[in-house]
Amino acid sequence: MTDRLHITTAIFYCNAPPHVGSAYEALAADAYARSQRRRLGRARVSFLTGTDEHGDKIRRAAEAEGMPPKEFTDRTSAVFRRAWDGLHVSYDYFVRTTDPQHEQFVQQMLARSHSRGDIYFKDYEGLYCVGCERFYTEKELLPANVCPTHNQPVERISEGNYFLRIDKYRAQVVEHIQRHPDFIRPDRYRNEALNMLAEPLADLCISRPKARLEWGIELPFDSNYVTYVWYDAFWAYVSAPASRDPGFITEVFPSADHFIGKDILKTHAVYWPPMLLSAGLPLFRHLDVHGWVNFGGQRMSKSSGNVADPVSYEAAFGPDVLRYFLLREVVYGLDGDFSEERLIERYNADLANDLGNFTSRVLSMAARYFGGQLTCAPAVEDDAPDAALAAALGQLVERVDAQVETLAFNRGLEAIWQALDVANKYIVQTAPFTLAKDQAKLPRVAQILANLTEALRVVGYALDPFMPVTSRRILDLLAVDQAAAAAPYGQGLKAGHQVNPASALFPRIEKKVR
RNA sequence: GGCGGCGUAGCUCAGUUGGUUAGAGCACGCGGCUCAUAUCCGCGGAGUCGUAGGUUCAAGUCCUACCGCCGCCA
């Protein structure tokens, strides 16, 4: 198959700071990107995120703060960027739709569709919701012409606008989805998309008159108009990498994975493909659709105030903790639930007790009995326990990456924890601390510890897509270089290798007693 | 109104093309160990698998209806 990948998150609308839900998307995409990088090599994977900064809502939000739109989005975009940095989201591109490079690219794409005859002008009168930034038909609205998502009356607006032909490409998009069963993942969303595409589609209004809204990219063929924010934002998936790499569009973009939330399935399954086709571009590889992350059982929303700030959780519990929780607990594609209580449960049970304590006991014994030095290489000496350990750790990374490839992040982590279970059991079965009391049995103790240290090494490496900081910390404690870190089980650590003393990776969180 | 999803132990969920006493983690109880972050290992209790029918030698797993929750489309 293809050996280069392009992975994107949605381009986040910049009118409010990120919450745990947007963080989840960035983290899932990041785990996917990191997993693919270790399979294909760093240079073959590009990972893109960014902020969507045009449109009426942003202009209004900026106005409310008494500042120009660009100044407003400079600030909000930086908040996203810092949040992603704080969560160790390893993007290669952070695109802002206000980047000059992006704006030029969008104009090129508009010109292409225009010259192909896919963009036409039409007088239009309709009911417009400012919050949604779109027109509605009366059937879609609640009584008294109230917008169903914003619960606000819509405005009747009459104006000339430019439209992009959508229905022209409908059959082609349907055929593509049918010929590529995993084009939209998971399946449930594929069916919904096909449903949406089953009937004729209205063309997409892609302009706004400057008289009403100036905050946007000017149309290359009519300076009285700017482009609609949604048309603009999609191209952020392409603009920056295409500008940097001339071969991007033909060689890399066809194997793009778009990570999106289920709320924007329609725009990505129905409107984005015709936009691409009309501009003469190929379609992407996967649309990877996730559900909501609820908060304490309730839908997170700014209006109800139950919005969890992702960065504060990393700050409070340590690096990788929110990453672990979301990737372990949420099934990709289904709705999940986030709560501090469950986060602490997971932290203590999985991170402190299983992973942290395992690390601690292995390194402590290595230090206590051999001054931290491995006197032999890992090997299967005693058939039963040694072989069980080798079986649990063998091909672990490959198995994890295979799960991630299908977006089963939770199963990838489960596989690592199953290996940890076996490793903890191995200590009880072999009881090196008992053998160590007998001088004659020290060689066997050394062998057991070499095997355990090797197991820890593989676990540390396997964790990287999900918990990059913890992975690094474990590998640093083991003092292994990059090549040894990535070796198959049994071939990483050598005799004579020196490891560092234990330190607690995840101190237990004691329940607060009031 | 149409289409689709979900409903399995106290909690969160797995359950392949229908096939032996329905599984895991957490929580809880008992036992063991002491290298380790009072951690680890073993054992255990608990479920009429939403309801009612049906197909089958055999159904959580297929069919029908209904109830409840949710999503998409109209």
Side-chain angles (χ1 to χ4, degrees), chain A residues 136-141 148-149 184 186-202 261-270 289-292 294 296-299 318 325-326 328-339 341-370 372 385 388 403 408 410-411 413-418 420-437 445-446 448-449 452-453 456 477 501-511:
Chain A
Y136 276 95
T137 61
E138 288 194 35
K139 280 198 294 186
E140 292 174 299
L141 295 167
T149 44
I184 299 174
D187 264 359
R188 55 197 309 162
Y189 296 112
R190 177 176 182 267
N191 296 333
E192 285 192 10
L194 284 170
N195 213 350
M196 294 173 198
L197 288 159
E199 290 177 43
L201 296 163
K262 64 183 182 180
D263 53 324
I264 51 176
L265 171 63
K266 183 173 186 177
T267 49
H268 281 76
V270 174
V289 188
H290 65 81
W292 305 118
N294 295 320
Q298 299 218 306
R299 171 81 187 277
F325 179 83
L326 291 174
R328 174 65 184 78
E329 192 89 346
V330 178
V331 177
Y332 196 88
L334 301 180
D335 290 356
D337 193 50
F338 172 85
S339 75
E341 201 180 342
R342 284 194 70 79
L343 178 85
I344 291 174
E345 279 176 22
R346 280 279 178 205
Y347 178 101
N348 279 337
D350 299 351
L351 299 180
N353 294 353
D354 291 343
L355 175 62
N357 182 59
F358 175 71
T359 304
S360 177
R361 62 201 304 211
V362 169
L363 293 177
S364 295
M365 283 191 280
R368 174 185 295 222
Y369 303 130
F370 301 101
Q403 295 290 1
N410 58 328
R411 294 192 177 186
L413 281 166
E414 278 171 31
I416 297 174
W417 259 257
Q418 279 169 17
L420 272 172
D421 285 346
V422 173
N424 271 318
K425 200 166 300 183
Y426 179 77
I427 298 180
V428 172
Q429 287 171 338
T430 57
F433 42 84
T434 305
L435 301 180
K437 291 169 185 163
V445 176
I448 291 166
L449 281 173
L452 282 168
T453 312
L456 179 58
L477 283 170
S503 76
L505 293 175
F506 298 100
R508 265 186 79 83
I509 298 170
E510 298 305 330
K511 276 229 161 138

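Residue numbering restarts at 1 for every chain, and letters A, B, ... go by the order of the sequence lines. In this text, all values refer to a predicted model and were calculated from it rather than measured experimentally.
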* Please step through side-chain contact (heavy atoms from CB on, under 4.5 Å) for the pair A:Asn410 and A:Tyr332, ending with a clear verdict. => CA-CA 8 Å; A:Asn410 58 328; A:Tyr332 196 88; over 6 Å; no

* Whole angstrom value for the distance that separates C1' of B:rC40 from CG of A:Leu452 -> 12 Å

* Could you work out the separation of B:rA14 and B:rG23 based on their C1' atoms and round it to a whole Å? => 7 Å

* Structure fact -> Out of B:rC35, B:rU37, B:rC26, minimum distance to the side chain of A:Ser364 belongs to B:rC35

* To do: Taking only the side-chain nitrogens and oxygens of A:Arg411, find out if one of them lies under 4.0 Å from OP1 or OP2 of B:rG15.
  => yes

* **Separation of B:rU34 P from A:Lys437 NZ (nearest whole Å)** => 5 Å

* What's the CG-P distance between A:Asp350 and B:rA24, to the nearest Å? -> 17 Å

* Asked: With rounding to whole Å, what would you report as the distance between B:rC11 and B:rA27 at their P atoms?
  -> 16 Å

* Kindly point out which of B:rC73, B:rU37, B:rA36 is positioned nearest to the side chain of A:Phe506? => B:rU37

* **B:rC63 versus B:rG5 - spacing of their P atoms, nearest Å** => 10 Å

* Separation of the P atoms in B:rG68 and B:rU21, to the nearest angstrom -> 35 Å

* Asked: Is A:Lys262 near enough to B:rC70 that one of its side-chain N or O atoms lies under 4.0 angstrom from OP1 or OP2?
  -> no

* Steps toward side-chain contact (heavy atoms from CB on, under 4.5 Å) verdict (A:Phe325, A:Tyr347) -> CA-CA 8 Å; A:Phe325 179 83; A:Tyr347 178 101; over 6 Å; no

* Pair assignment for RNA chain B - dot-bracket with | for other-strand partners, Watson-Crick or G-U under 3.5 Å -> (((((((..((((.....[...)))).(((((.......))))).....(((((..]....)))))))))))).

* For B:rU39, does OP1 or OP2 lie under 4.0 Å from any side-chain N or O of A:Arg508? -> yes

* Minimum-distance pair of heavy atoms, taken over all atoms of A:Ala352 and A:Phe506 -> CB-O, 3.2 Å

* Quick one: label A:Asn191 by what it contacts on the DNA or RNA (base, sugar-phosphate, nothing), any heavy atom closer than 4.0 Å. => nothing

* Given the P atoms of B:rU12 and B:rA22, what is the spacing between them in whole Å? -> 23 Å

* Asked: Nearest of B:rC41, B:rU12, B:rC72 to any side-chain atom of A:Met196?
  -> B:rC72

* Report which part of the nucleic acid A:Ser360 touches: base, sugar-phosphate, or nothing (heavy-atom distance under 4.0 Å, all strands). => base

* With P as the reference atom in both, quote the distance from B:rA74 to B:rU64 in angstrom, rounded to an integer. => 26 Å

* What nucleic acid atoms does A:Leu363 come within less than 4.0 Å of, heavy atoms only: base, sugar-phosphate, or nothing? -> nothing

* Asked: Can you tell me if the side-chain N/O atoms of A:Arg368 get under 4.0 Å from OP1 or OP2 in B:rA36?
  -> yes

* Tell me: OH of A:Tyr189 to P of B:rG4, nearest whole Å? -> 17 Å

* To do: Sticking with atom P, work out how far B:rC26 lies from B:rG42, rounded to a whole angstrom.
  => 11 Å

* Between B:rG31 and B:rG4, how far apart are the C1' atoms? Round to whole Å, please. => 50 Å

* If only atom types and distance count, is the side chain of A:Asp335 paired as donor or acceptor with the main-chain N or O of A:Gly291 below 3.5 Å? -> no

* To do: Nearest whole angstrom, please: distance from the C1' of B:rG32 to the CG of A:Asn424.
  => 16 Å

* Asked: More than 12 non-hydrogen atoms from neighbouring residues, nucleotides or ligands closer than 6.0 Å to CZ on A:Arg346, yes or no?
  -> yes

* Closest listed nucleotide, where the reference is the side chain of A:Asp354 and the choices are B:rC3, B:rC40, B:rU37 -> B:rC40

* To do: Only counting residues at least two apart or in another chain, list the ones meeting ring pair (Phe, Tyr, Trp, His ring centres under 6.0 Å) with A:Tyr189.
  => none

* Asked: Any sub-3.5 Å donor-acceptor pair from A:Ser360's side-chain atoms to A:Gly356's backbone N or O?
  -> no

* Asked: Nearest to the side chain of A:Glu345 - B:rC40, B:rG25, B:rC26?
  -> B:rC26

* To do: Compare all side-chain heavy atoms of A:Pro501 with those of A:Leu363 and state whether any distance is below 4.5 angstrom.
  => no

* To do: Would you indicate what A:Pro432 reaches in the nucleic acid, counting non-hydrogen atoms under 4.0 angstrom: base, sugar-phosphate, or nothing?
  => nothing

